[in-house]
Amino acid sequence: MNMNASPEGEDLEEKKLLGSGGYAFAKLTEQEEIKASLGVPQIFLGNIGRLNEARFTRYYCNNCRKEHTGCPVITYENPNERLGENVTLIEEGEYRCKTCNNLIALYRKFNNT
Ligand SMILES: [Zn+2]
């Protein structure tokens, strides 16, 4: 059995995910990577949204100026706020440094599909 396989059977690959206050390394499926990169070489944590904490291996905090092992602290809420005709903000979340509480990245998830 492949230990790196996701429940969907896809291989996971460790990628660098950029945030405004640092970056993180997490294992992504190819689909997640394609969805988040939007055609540019960099992958932004804000485009990934909320990932399972177990996917993260380490992250770098610009405020601490060092790498931490594990996952940043993820907090989120589900405002279900209607922003337009067919757009509802369903989830808003933050990744913060577990040591100094620095904001690593923000994400917003819409149901505009
Ligand atoms: Zn920090």
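Predicted model only: the values in this text are computed from it and were never measured. FYI, the numbering just counts along the sequence from 1. In listed order, ligands and their atoms are each counted from 1.
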S.K.: Tell me which one of Y95, Y23, F25 satisfies ring pair (Phe, Tyr, Trp, His ring centres under 6.0 Å) with Y60.
M.R.: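 That would be Y23; it is the only one of Y95, Y23, F25 passing the ring pair (Phe, Tyr, Trp, His ring centres under 6.0 Å) with Y60.
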S.K.: Are E81 and R108 close enough for a salt bridge, meaning some N to O gap below 4.0 Å?
M.R.: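 A salt bridge is absent here (no side-chain N lies under 4.0 Å from a carboxylate O).
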S.K.: Salt bridge (charged side-chain N to carboxylate O under 4.0 Å, His left out) with E32: which of R55, K27, K15?
M.R.: R55
S.K.: Only one of N80, N78, N111 clears side-chain contact (heavy atoms from CB on, under 4.5 Å) with E91; which?
M.R.: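 Option passing the side-chain contact (heavy atoms from CB on, under 4.5 Å) with E91: N78.
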S.K.: What protein N/O/S atoms lie closer than 2.8 Å to the Zn ion (ligand 1)?
M.R.: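 The answer is C61 SG, C64 SG, C97 SG, C100 SG.
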S.K.: Under 30°, 30 to 60°, or over 60°: which ring-plane class applies to Y59 and H68, parallel, tilted or perpendicular?
M.R.: tilted
S.K.: Does atom NZ (K109) have a neighbourhood of more than 12 heavy atoms from anything else shown, all under 6.0 Å?
M.R.: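 No, the 6.0 Å shell around NZ holds no more than 12 heavy atoms from other groups.
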